[in-house]
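What you are looking at is a predicted structure, and each value in this text was computed from that prediction instead of being measured. In what follows, residues are counted from 1 in the order of the sequence shown.
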Amino acid sequence: ERSIPIAQRQVQGDMAVTLARGYVDTSRVVLGLSIERASGWGPTDILDLQLRDPAGVWLPAGGGPGFGGEGGGESAQVYSFGPPTVTEGEYTLRADIVEPAPGAPGPWLFRFTLPEPAGIVATGGSTAEVASASIDLGEVRIAPTMITADIVVHPADGANFGWAPVGAIEHGKD
């Protein structure tokens, strides 16, 4: 419901890729694509996607869950990329076949604009001592889709492996 329509469709060979919708907040970019095969057969979930934000930074795939469905030569997929580095402007999506054979269709290039990301980014810059370790709090992103915090754990015993901090973010408490 917070995404905006993009509705860009490109056809190459027997494959059509449509960039249907997009959403951005301070934690991630989410794109909805549909892929169709004119012949009605063959896999449609074979795309390698790369997203460049308006600052020219290639965003890592998987900034959140992706999902979709496939059947009858068509698929609809939702892909996530993590977080944009600037507030607004033109994005570029490159979709290509993962292992292209000679003469395979692709790449598909989409250029589109998304609005200013919802949410805020705050700098933590503090350290807490806990038991035999210290934890540095870095950047905190508060967005409609999620809240994330960058932390670094420094165990007192530098050879101690397996530290896996578990915590919660609480609002309105000291």
*Looking at Ala16 and Val11, what are the two nearest heavy atoms and their distance?*
CB-CG2, 3.8 Å
*Leu114 versus Tyr91: any side-chain heavy-atom pair under 4.5 Å?*
yes
*Do Phe112 and Leu19 come within less than 4.5 Å of each other through their side chains, counting heavy atoms only?*
yes
*How many angstroms lie between CZ in Arg94 and OG1 in Thr92, if you round to the nearest 0.5 Å?*
11.0 Å
_Minimum heavy-atom separation for Pro115 and Ile4, please, with both atom names._
CD-CD1, 3.8 Å
*Under 3.5 Å, side chain of Asp53 to main-chain N/O of Thr85, donor-acceptor pair present?*
yes
*asked:* Rounded to the nearest 0.5 Å, what separates atom CZ in Phe81 from atom CD in Gln50?
replied: 9.0 Å
*Close side-chain approach of Ile120 and Thr26, heavy atoms under 4.5 Å*: no
*Looking at Leu137, Asp136, Val140, which hits side-chain contact (heavy atoms from CB on, under 4.5 Å) with Ile151?*
Leu137
_4.5 Å side-chain heavy-atom contact, Ile35 and Met15_ = yes
*Is there a side-chain contact between Arg28 and Met146 (heavy atoms, below 4.5 Å)?*
yes
*What distance separates Ile142 CD1 from Ile147 CD1, expressed to the nearest 0.5 Å?*
5.5 Å
*Can Arg52 and Glu90 be counted as an ion pair, charged N to O under 4.0 angstrom?*
no
